[in-house]
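Beneath this line is the structure, given in C-alpha cells, with notes to follow.
Letters go in sequence order (proteins before strands), and every chain restarts at 1.
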There are 4 protein chains.
Amino acid sequence: MSELKKAKPENTLGRKRDHTLDTRILEAAIEILAELGFDGMTMDMVAARTKSGKATLYRRWPSKAELVRDALIWMSQSSVELEHLPDTGNLRDDLLALVKPYSLEFSERKLRVLAKLGSFFSEHRKIAEEASAGIFGPWTDFNRTLMQRAIKRGEIPAQADIEMACQVIIAMTSYRSITQGQPFGRTDYAALLDHILLPGLKHQQ
Amino acid sequence: MSELKKAKPENTLGRKRDHTLDTRILEAAIEILAELGFDGMTMDMVAARTKSGKATLYRRWPSKAELVRDALIWMSQSSVELEHLPDTGNLRDDLLALVKPYSLEFSERKLRVLAKLGSFFSEHRKIAEEASAGIFGPWTDFNRTLMQRAIKRGEIPAQADIEMACQVIIAMTSYRSITQGQPFGRTDYAALLDHILLPGLKHQQ
Amino acid sequence: MSELKKAKPENTLGRKRDHTLDTRILEAAIEILAELGFDGMTMDMVAARTKSGKATLYRRWPSKAELVRDALIWMSQSSVELEHLPDTGNLRDDLLALVKPYSLEFSERKLRVLAKLGSFFSEHRKIAEEASAGIFGPWTDFNRTLMQRAIKRGEIPAQADIEMACQVIIAMTSYRSITQGQPFGRTDYAALLDHILLPGLKHQQ
Amino acid sequence: MSELKKAKPENTLGRKRDHTLDTRILEAAIEILAELGFDGMTMDMVAARTKSGKATLYRRWPSKAELVRDALIWMSQSSVELEHLPDTGNLRDDLLALVKPYSLEFSERKLRVLAKLGSFFSEHRKIAEEASAGIFGPWTDFNRTLMQRAIKRGEIPAQADIEMACQVIIAMTSYRSITQGQPFGRTDYAALLDHILLPGLKHQQ
DNA sequence: CGATAAACGAGACGGTACGTCGCGTCTTCTG
DNA sequence: CAGAAGACGCGACGTACCGTCTCGTTTATCG
C-alpha cells in the first residue's frame, strides 16, 4: 500500500487545498506523457491543461520528476482493483488470470506512457525504482502468492526459485514495454509460461 | 552489422573531415554520460573535452540525441571482439562463457552508462531501439547459435522456444541494469539458467 | 516627446514587471557600450551586470539592436534638463551657453558612446534616426528658438535660413563626434559661429 | 592618390595572383553592402558571389573590416576623374561645379552604401577615418584650392576661415548621407552656399 | 620538360554571440 | 491563506559568422 504523499501537518487556517486538483493534475500529466514523453512534457503544459498555475504544481510536488513519479504510480493503481486473487486450482490459469489487469490493460495509453519514459527512468533512478515498485510491486506480490499456493498443492516443487520466476515476468513485461515499446500480449505471456517458466519451475535441477 | 553512419556523398572538394575526431567525440560523450547521464551531459562539455567546437559536433550529428545514440552503439561495439564462439560441448557452460563480455563487462563504465540512460531511452524511442539492437543484437545472435548447437547435440529438444529464451536473457540483463541499476552478476545469471531457463528448455510442454 | 515604449496592454494578472530594472539595464548597456562598442557588448554581459537573465532582456526588447536604441535615447534624455533657455540678449552668447549641456557634456561618456556606435548607426537605420532625433532633436528646437528671438530683436534679418544654420550645428557636432571621433570643443564651436554661421546669417544674400 | 595596397615583396615563384579578382571582390562587396550593410554582409557571401573562396579573401585582406574599407575607397574613386578643376572666375559656380561628381553622384548606390555603414564607421574608427579620407579628402583638397583662388581674386578676404568652410561642406554631406540617409542634393547645396557659407566667408568678423 | 612553389575553390575547424525555451522560484492580485 | 497568472535567474540548446586550416587542383616560373 504505497502512499503517494506523506501526511502533511495539514494547516487548519486559510483556504483548504483542493485535493481533487491532485487527481486532475496527475491525469493531465499522464495524457501529456503519453503523447510527448518526459522531456516533451512541460510544467506549463500541465498547468495550462488543468487551468491551474505552476506554483500550484510546485506546492504539491518539489520537481517535475516527482510529479511524474506520482503520475505513474497513480496511473498503475487507478484501474487495478482486485478484491480476491484468482484461484482456479491451476498455476497456469491463475497467472494468466492475473496478467490481464497488470500487463495487458496497459496496452492502450499506459503502454505508450511507459514506452515514452525510458528517458525518465534512471535519469532519476530512485524515482524510477519507486514508480517501478508502485507499478510492479503489487503484481509481484500476487504472483508470489499464487506460486506459493502451487507449491502447497504440490504442483511445483518446494525448492522452485519463485523469486526468479517473478522477476522474469516483470523483466519481460517491462523490457517489452519500456525498452522495446511493443506490447507483451496474452499470447506472448502464455508462451513464456508454457515454454519456459512452468517447465522450468517444475523441473528445476 | 549496423552502420553508425549512412554513407554520405562524401564530397571530394574542400578540407576532409577528420574522422578520428568522430571517435574522440563519441568516447568523450560516453565518459561524460557515465558520470552525468543524458541531461547532465552538455554539448559544450563534449566540445571542450575534445578541444573542438560545437559547430563541429552539429556538422556530424543533427542533435544531442543522435550523438548519444551513436555513442552508445559505438560503446557497445567497441570492445566485444569474439573470434570464435565458446564450444564446451555443454549449453550451460557455453552460455556462461558468453555472459562475461556481454553482460558482466558492462559492469564498469558501460553499466553506469546504461543505468544513467533510462532517461534517454524512449524519449527517443527509435534511437533507443537502435542502440539496444546494437548492444544486445549480437549477443542474441550468439546465444541463438549456441542453443541451436545444443539442439543438434540433442541436449535440448528441437521444439524448444529458443527465441523466447534469448529474450529472457536480454530482458533480465536489461531490466536489472537499466531499470533497476544493479548489475546482473554471474551468480544471478547462473541461477537464472539452472532454476528456470535450462530446465524450461529441456522440458517444454 | 518620443516615447521609449509603446503602451503595452499591461496585463493586470500575474507578477508585475519590475520597471526599475528597465533603467538599470539601459544604464548597464550604456556603460558597456562606452567601453566596448556595439559588437563588443554582449547580452550576457548586460544580464550579468544587472544580475538578471537573458530571458528578462528579451522579454523587454526583441533584439540587441532595439535594446541599444532605447539605451541611446534614454542616455540622451537622462541628463539634459533645462528649465529656461539662456537669454543674454545676444545670439552668440545664447548659442554658446547652450552648447555646453548639448555638445560639450557629451565629451565624457556620451561622446565615447556615440563614437563607438558608428558601427551601429544605420546598420539599423531607423533606430539610428530615432536615437539621433532623441539626442539632437531637442537641441535643434532650442537653437531654433534662440535664432527666432534674434530675428525679433533685429539682430539677424528675418529671411535668414535658420533651419540650415541649425543643421550645420548638428552636422558639425555629429560629424566630429561620430565619424571622426574627436570632440567638437567650445573653441571650435566659437570659431564656427564667428567665422561662418553668424556672419552668414547676418549677411545672407 | 592614396594607395589601396602596400607594395608586397611580390614573390616571383609560383602562380601569380589574379589581380582582376581584387576588383571583382570589391565590387561584389559594395553590392552586398548596399543591400545588407556591414553586419548583413558575410565573407562567405562575397566569396560565393565572386566564385572564389574565403582563403582568397583573407590572403588579400586581413579582416572583413579592411576589405570593406578598401571597397569604400575603391567605390569613391572609381567614378571621379577630374583632369582640371573648374575655373569660372566665380567661387559659387566653381564649388557647384565640383559638387556633382563628389556628392550628387553618390545619389544612387553609393549613397545607399554610405547610409548602411553607420554601423561600420567607428566600430572600426581608424578604418573609417581612412575610408572617409579616401572619399572626402580629395574633394576637400579641391575645395580648398578653389577658395584660395577666390582669395587671390579678392572675392573673399584673406583671413576667411577656409578650413572651417571645407569642413562644413564635408560635415553636411556626410551627416545627411550617413547619419540621416537622405541625399544632400544640388538645391540643398546651393542653399548652404548662398545662405550660410559664402556670406559667412565674405563677412567674417 | 618536369619539378616546384604559390594561388585558388571548397569546405572543415575552434571559438563565440545570438535568440529561444524550460525549470524552479518569486511576486502580485483575486477568491 | 490557496490559487491563477506570469515575471524572474539560470543555463542548455541549436544556429550563424569570423578567421584559420587543410585538402586537391591549376597555373606559372626555374632548372
Is C/Arg60 reaching over with its side chain to a backbone N or O of C/Leu21, donor-acceptor style, under 3.5 angstrom?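 Not confirmed, C/Arg60 side chain does not pair with C/Leu21 backbone.
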Just by modelled atom types, is the C/Arg17 backbone N or O under 3.5 Å from a matching donor or acceptor in the C/Arg59 side chain?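 Pair absent, no side-chain N/O of C/Arg59 close to backbone of C/Arg17.
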For C/Met41, report the nucleic acid contact type (base, sugar-phosphate, nothing); a contact means any heavy atom under 4.0 Å. sugar-phosphate
Report the distance from atom [atom1] of [X] to atom [atom2] of [N], rounded to the nearest whole Å.
X       : N      : atom1 : atom2 : value
A/Met43 : F/dA5  : CE    : C1'   : 16 Å
D/Asp22 : E/dC8  : CG    : P     : 8 Å
D/Tyr58 : E/dG9  : OH    : C1'   : 16 Å
A/Leu36 : E/dG22 : CG    : P     : 11 Å
A/Asp39 : F/dG14 : CG    : P     : 11 Å
B/Ile32 : F/dA12 : CD1   : C1'   : 14 Å
B/Leu57 : E/dG14 : CG    : P     : 9 Å
C/Arg24 : F/dA7  : CZ    : C1'   : 13 Å

Minimum-distance nucleotide (side-chain atoms of [X] versus [options]):
X       : options                : result
D/Arg15 : F/dT26, F/dG19, E/dT25 : F/dT26
B/Arg59 : E/dA12, F/dT15, E/dG24 : E/dA12
C/Lys54 : F/dC18, E/dC18, F/dA4  : E/dC18
B/Arg17 : F/dT20, E/dA7, E/dA12  : E/dA12
B/Lys16 : E/dC13, F/dG14, F/dC23 : F/dC23

Quick one: is [X] getting a side-chain N or O under 4.0 Å of the [N] phosphate, OP1 or OP2?
X       : N      : value
B/Ser52 : E/dG14 : yes
B/Arg60 : E/dC13 : yes
B/Thr56 : E/dG14 : yes
D/Lys64 : F/dC18 : yes

Which heavy atom of D/Ala71 sits nearest to which heavy atom of D/Ala29, and what is that distance?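 Answer, listing the atom of D/Ala71 first, then D/Ala29: CB-CB, 4.1 Å.
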Using 4.0 Å as the upper bound for N to carboxylate O, is an ion pair formed by A/Arg69 and A/Glu66? yes
Select from B/Thr50 and C/Thr42 the residue whose nearest nucleotide in DNA chain E is closer to the 5' end of that strand.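 In this pair, the answer is B/Thr50.
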Whichever of B/Ala55 and D/Asp44 has its nearest DNA chain E nucleotide further upstream toward 5': D/Asp44
Please assess A/Leu67 against A/Tyr58 for the test side-chain contact (heavy atoms from CB on, under 4.5 Å), listing each intermediate value before the final yes or no. CA-CA 9 Å; A/Leu67 189 163; A/Tyr58 282 100; over 6 Å; no
